[in-house]
Amino acid sequence: MTDDLLLTKYLDSSSLTPEQVFQGLRDGVRQQKILPLVYTSAERNLGIPELMDAIAAFLPNPVEIREDALKAACENEQGKCGMQPGVEAGFAARVIHTTVDSFGSLSILRVISNGCNNEGKFDSIPSSVVNLRTRDTIKIGLTAFLLQGKDRVPMQSGCHVLPGNVIAIPKLPETVQTNDILTIPEAVSEEVAEISIEASTHVLTPLSRPSKEMSLMFCASVSLLDANGGKKGKGKVNSGDDKLISALDAISREDLAVKLEQAGGNLLLHCMSSDHANLVAARVKDRYGIDIELGVPPVQYKETPQKQVSNIEGRHKKQSGGSGQFGVCVINIEPLEEAAGVVFESRIKGGVISKPFISSVEKGVREQLHAGGPLAGYPVTDVKVTLIDGKMHSVDSNDFAFQSAGKLAVKTALSKAGTCLLQPMEKVTFVANKNLQGDIVGIVSRKDGYVTGSNTVDGGEIQIEACLPSSSIPEISDLLRVKTGGSSSFSTSFSHYQAVNDDFTIKSVVEQSPHHHA
């Protein structure tokens, strides 16, 4: 029972009136002790009226939720707590959905509250509102619609807007996103108090919004397909992809679980799963007539020297009449510890190379290291290059000559030292039911990763920290969904680079490298 008085009445009379039963159910739902279930079928249109009746009968309205928040706030001595929903509050509405098509955007709002005039009638839509997330002031146009199913009913000028109304406003700024709160300027000062109430009472309020971004567990590269079904540009972003980028940007405004990224000339799509990515691709095709192919995102491998080599000369000499080009440099090269990057040091003495040309050598060295190593053509890192000697000519030496000399010296040094392959490792945080810990550890081990720690979190869940190769991340989403029935999630962040010791993996990466030439 959710009410001691109802329990007493039942024990005394062995029965309750229908009104008392309904009140008990409503109180239980409001206290989150009872979860009503209604069986429905959207395809056969069964159970929909019963669902709507249950919503009206059992679910609390915003005023009741606010009362719970106020009561909890007083018990926690939190003071005032922001806007009051209902009759005495000003206008506030949440963007519950956004659609974007060739005609522009349409923002669908659910009205949380609105003010009343002296006659007791609700106000109309204000001419300007403030986005609580961005603090931007937004002008509201004259065109707005009331939504009744699929029908849009134009709102007349001065039309009264009631709390609970669902309205649609076209062509709001692109900064307005789903879940944003649009309200009157007077409500902005109340937001801090509103958030403190949520944090201390765990009661969602009318101005509630997601406190953090959702974890997007799948990433795919996006390539345009030409008329023959072949790749156009091989995943690289070019000037012809503006239409595709605009289409994906529009979809990301509609769906908060879609994020677009341009990295290293590649177009990357972040979403929840492979099925979600395929749905996005289908939307792009249906709405904008653009065929795209989803692929595995490129892995940013690197190389590092295997050993130290010394006294490597780089010589650039060219004479074609008149002043020529001349530059000579001598370098040592040695591997460094992990995450050291590229270090350049000059030990030139006696002015055998002037300071401007030392800078030229350094520029050439860094450009050649970035251009790629001899193993697979990936950038070289964790290396120290020391300039120890060189020669210059009073007339023929110039910036270009010493840049070229630096590049030749590095290329020769790396060929003699040899390089090993480094793969990026991701720090992966899994959140799952504690009973699924073994399944997650199995996934990590199967993908050449290792667990670094774990701890329990609220609700009987466990948080598992692991390191996994970046190349395995695209498969983790589907594996996790299969093993845990979609009840788990994970997030990733770059951790470090680690040497690849498996010969088969090295051979595969070298053969598939876009920089490798057989």
Side-chain angles (χ1 to χ4, degrees), residues 263-265 298-319 323-424 494 496-500 509-510 513-517:
V299 179
Q300 304 299 320
Y301 290 101
K302 291 188 177 182
E303 299 178 31
T304 193
Q306 292 183 330
K307 63 181 181 180
Q308 179 177 350
V309 292
S310 303
N311 299 312
I312 305 299
E313 181 182 273
R315 176 184 292 267
H316 178 81
K317 182 178 180 181
K318 187 176 181 180
Q319 189 72 39
S323 60
Q325 297 177 7
F326 181 82
V328 177
C329 66
V330 181
I331 63 171
N332 297 337
I333 194 170
E334 60 184 295
L336 295 178
E337 66 277 5
E338 179 186 301
V342 175
V343 177
F344 179 86
E345 180 183 352
S346 174
R347 294 182 182 174
I348 293 297
K349 296 180 180 179
V352 293
I353 300 179
S354 63
K355 286 185 178 181
F357 293 150
I358 292 175
S359 298
S360 300
V361 173
E362 179 180 1
K363 184 177 180 180
V365 164
R366 292 185 180 275
E367 286 183 0
Q368 185 59 43
L369 291 174
H370 183 73
L375 178 62
Y378 288 106
V380 179
T381 189
D382 299 341
V383 58
K384 180 178 181 181
V385 178
T386 305
L387 178 63
I388 58 174
D389 200 2
K391 297 178 182 178
M392 65 178 183
H393 189 275
S394 59
V395 176
D396 294 341
S397 292
N398 55 36
D399 173 67
F400 178 80
F402 275 97
Q403 283 191 46
S404 300
K407 292 178 181 180
L408 291 171
V410 168
K411 194 171 184 178
T412 303
L414 290 177
S415 296
K416 291 186 176 182
T419 57
C420 60
L421 190 66
L422 299 177
Q423 66 178 346
F494 173 75
H496 63 282
Y497 273 88
Q498 178 175 297
V500 180
V509 171
V510 170
S513 170
H515 316 287
H516 178 66
H517 301 285

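Just the heavy atoms: all of them, side chains too, but no hydrogens, waters or symmetry mates, feed the values below.
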To the closest 0.5 Å, what do you measure between [atom1] ([X]) and [atom2] ([Y])?
X	Y	atom1	atom2	result
D382	Y497	CG	OH	10.0 Å
Y378	K302	OH	NZ	13.0 Å
S415	I312	OG	CD1	9.5 Å
L387	F344	CG	CZ	4.5 Å
E303	L421	CD	CG	6.5 Å
S346	I331	OG	CD1	12.0 Å

(message) Could you go through R315 and L408, starting from their C-alpha distance and side-chain angles, then the distance that decides it, and tell me whether this counts as side chain to side chain contact (heavy atoms under 4.5 Å, CB included)?
(response) CA-CA 7 Å; R315 176 184 292 267; L408 291 171; 5.9 Å; no
For the student: nearest non-hydrogen atoms of [X] and [Y], plus distance:
X	Y	result
Q306	C420	CG-N, 3.8 Å
A405	G327	CB-O, 3.6 Å
F402	K391	CZ-O, 3.1 Å
K407	Q368	O-CG, 3.6 Å
L375	T419	CB-OG1, 3.3 Å
Q308	P335	N-CD, 3.9 Å

Could you tell me whether a side-chain N or O of [X] sits under 3.5 Å from a main-chain N or O of [Y], the two making a donor and an acceptor?
X	Y	result
E313	V328	no
Q423	A499	no
N332	N311	yes

Is any side-chain heavy atom of [X] closer than 4.5 Å to a side-chain heavy atom of [Y]?
X	Y	result
K318	F326	no
L336	V383	no
L369	L414	yes
R366	V342	yes

(message) Please determine whether side chain to side chain contact (heavy atoms under 4.5 Å, CB included) holds for the pair I348 and I358, giving the CA-CA distance in whole Å, both sets of side-chain angles, and the decisive distance to 0.1 Å.
(response) CA-CA 8 Å; I348 293 297; I358 292 175; 4.0 Å; yes
(message) Under a 3.5 Å threshold, yes or no: a donor from one side chain and an acceptor from the other, between Q325 and H316?
(response)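 The criterion, which ignores hydrogens and geometry beyond distance, is satisfied for H316 and Q325.
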(request) Kindly determine whether I353 and D389 satisfy side chain to side chain contact (heavy atoms under 4.5 Å, CB included), including the steps that lead there. (result) CA-CA 8 Å; I353 300 179; D389 200 2; over 6 Å; no
(message) Would you say that more than 12 heavy atoms from the other residues, nucleotides or ligands in this model lie under 6.0 Å from the NE2 of H370, or not?
(response) no
